[in-house]
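Both ligands and their constituent atoms are indexed starting at 1 by order of listing.
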Amino acid sequence: MRDAIKQMSKYVPGFQPPDGEQWIKLNTNENPYPPSPQVAEAIRQELGDGGSLRKYPDPPSQSAREAAADLYGYDPDWIIMANGSDELLNNLIRTFVGEGEELAYLNPSYSYYATLAAIQGAKVKTFTLTEEGEIADFPERYRGKLFFLTSPNAPLGISFDNDRIAELAGRCDGVLVVDEAYADFAEINALDLVGQHDNVIVTRTFSKSYGLAGMRLGLAIARPEVVDALDKIRDHYNIDRLAQVAAVAALKDQDYLQDTVQKICATRQWFAGELETLGYALLPSQANYVFAIPPDRNGKRVYDALFERKILVRFFSDPALAHGLRISIGTREEMETSVAALKEIG
Ligand SMILES: *Cc1c(COP(=O)(O)O)cnc(C)c1O
């Protein structure tokens with residue numbers, strides 16, 4: 001066994017209570033609404049009596065690439081489909097960062113980057129992100145091979161504008177990967193930068209805005225030479241037949257996406273106002289969650305009290321985050337129940 005694997009610790013995903021248990025689940029930023037009805041219809045059609053599953057899926061997921069290309073205004077050879085955007089994060093590291101070489105990300109941001117770096121035996125550098133959105137110690141030139149910029153940031157919810165991202169890209173010797181898992185909820189995104197800067201790559205997921213976390217779908221927008229490289233190292237049948245038709249149907253139903261996103265953003269705004277009335281401090285969120293700081297700055301206390309009431313939110317024991325909680329935005333009804341619970345908890 002490689003030393004890197006022996007020594008690394010395992011990534012712990014947000015707690016998933018067994019299906020059927022009555023929890024209000026606001027801990028993994030899933031969508032409270034189902035995917036577009038077109039998705040279930042496409043899956044039923046593809047499945048038929050099950051016979052289509054005898055055959056392997058289309059290796060490049062070409063129909064999905066074309067649907068994404070249409071939507072984002074890039075040619076299909078600038079798009080690669082993935083089995084969740086986590087697969088892309090992994091393959092981007094394998095493409096750009098050799099064993100012993102360095103990658104970077106912000107602290108706080110998505111903790112899975114650390115796990116993926118450990119698997120590769122890559123070195124990790126973190127730059128501190130303040131609650132005001134400043135990157136405290138980013139060097140004049142960053143010489144590492146890859147820099148993950150999560151925008152909107154998870155778990156803080158704040159996002160970076162394109163001038164800022166372009167400036168950071170100009171200071172990177174390696175690639176800048178903008179992890180846009182939540183960009184559909186934001187007012188801005190970095191899609192245009194992919195065409196303008198030769199070292200910018202954008203990743204997206206279907207897990208949050210499209211309500212398809214259970215399907216495992218993601219994609220990247222990148223230069224064709226990067227797409228070709230990622231294409232070499234992915235599992236050649238990475239997207240199964242049902243997921244491929246689901247991706248096409250989801251991407252084509254933009255009316256449904258916009259409708260869902262609008263509902264969630266409206267609920268977010270209402271919920272943020274209620275929390276502020278309760279004395280909480282909130283960071284301005286561009287995502288489907290808020291980072292909420294209780295008056296006594298004791299995230300664990302509130303987490304435990306909500307847990308007792310079968311409301312699951314995300315608490316991070318990291319000292320930089322333990323003063324608050326990340327709360328996903330559910331339905332209006334779920335958030336009303338949560339506000340009532342928080343009033344009781346005090
Ligand atoms: C949820 C999330 C992902 C993973 O998305 P999948 O497509 O479900 O693998 C990646 N990055 C960030 C920041 C996320 O929050």
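Contact check for Arg171 versus Tyr142: no side-chain heavy atoms found under the 4.5 Å cut-off. When side chains are defined from C-beta on, Asn90 counts as touching Arg94, because their heavy atoms get closer than 4.5 Å.
Summarising the local packing, CD of Glu333 is surrounded by 12 or fewer heavy atoms from other residues, nucleotides or ligands at distances under 6.0 Å. For Gln269, the CD atom sits in a loose shell: 12 or fewer heavy atoms of surrounding residues, nucleotides or ligands are nearer than 6.0 Å.
When all heavy atoms are compared, the tightest approach of Gly211 to Asn31 is CA-CB, 3.5 Å.
Ring to ring, Phe291 and His323 are close: their centroids are under 6.0 angstrom apart.
The N/O atoms of Asp179, backbone and side chain alike, include one that comes under 3.5 Å of an N/O atom in ligand 1. At under 3.5 Å, a nitrogen or oxygen of Arg216, whether backbone or side chain, sits near a nitrogen or oxygen of ligand 1. Close N/O approach between Ser207 and ligand 1 is found [any backbone or side-chain N/O within under 3.5 Å].
Both Leu26 and Phe185 are members of a single hydrophobic cluster when ILVMFWY side chains are connected at heavy-atom separations under 4.5 Å.
Tyr182 OH, 2.5 Å is the protein heavy atom nearest to atom 15 (O) of ligand 1. With hydrogens left out, the protein atom closest to atom 4 (C) of ligand 1 is Asp86 OD1, 3.1 Å, a heavy atom. Of the protein's non-hydrogen atoms, Ser85 OG, 3.2 Å is the one closest to atom 5 (O) of ligand 1. Lys208 NZ, 3.5 Å is the protein heavy atom nearest to atom 3 (C) of ligand 1. Closest to atom 7 (O) of ligand 1 among all protein heavy atoms lies Thr205 OG1, 2.5 Å.
For the pair Arg223 and Trp78, the NZ or CZ position fails the cation-pi test of under 6.0 Å to the six-membered ring centre and within 45 degrees of the ring normal.
The heavy atom nearest to atom 10 (C) of ligand 1, considering only Phe148, Tyr110, Tyr113, is found in Tyr110.
Under the rule for a side-chain contact (heavy atoms from CB on, under 4.5 Å), the partners of Glu46 that lie at least two apart in sequence or sit in another chain are Ser52, Arg241, Leu242, Val245.
Each of the atoms 7 (O) of ligand 1 lies under 4.0 Å from some heavy atom of Leu217. Interface atoms of ligand 1 facing Gly84, defined by a heavy-atom separation under 4.0 Å, are 7 (O), 9 (O). Under a 4.0 Å criterion applied to the non-hydrogen atoms of Thr150, ligand 1 contributes the atoms 13 (C).
Residue contacts with ligand 1 for Asn29 are absent, since no atom lies close enough (heavy atoms, distance under 4.0 Å).
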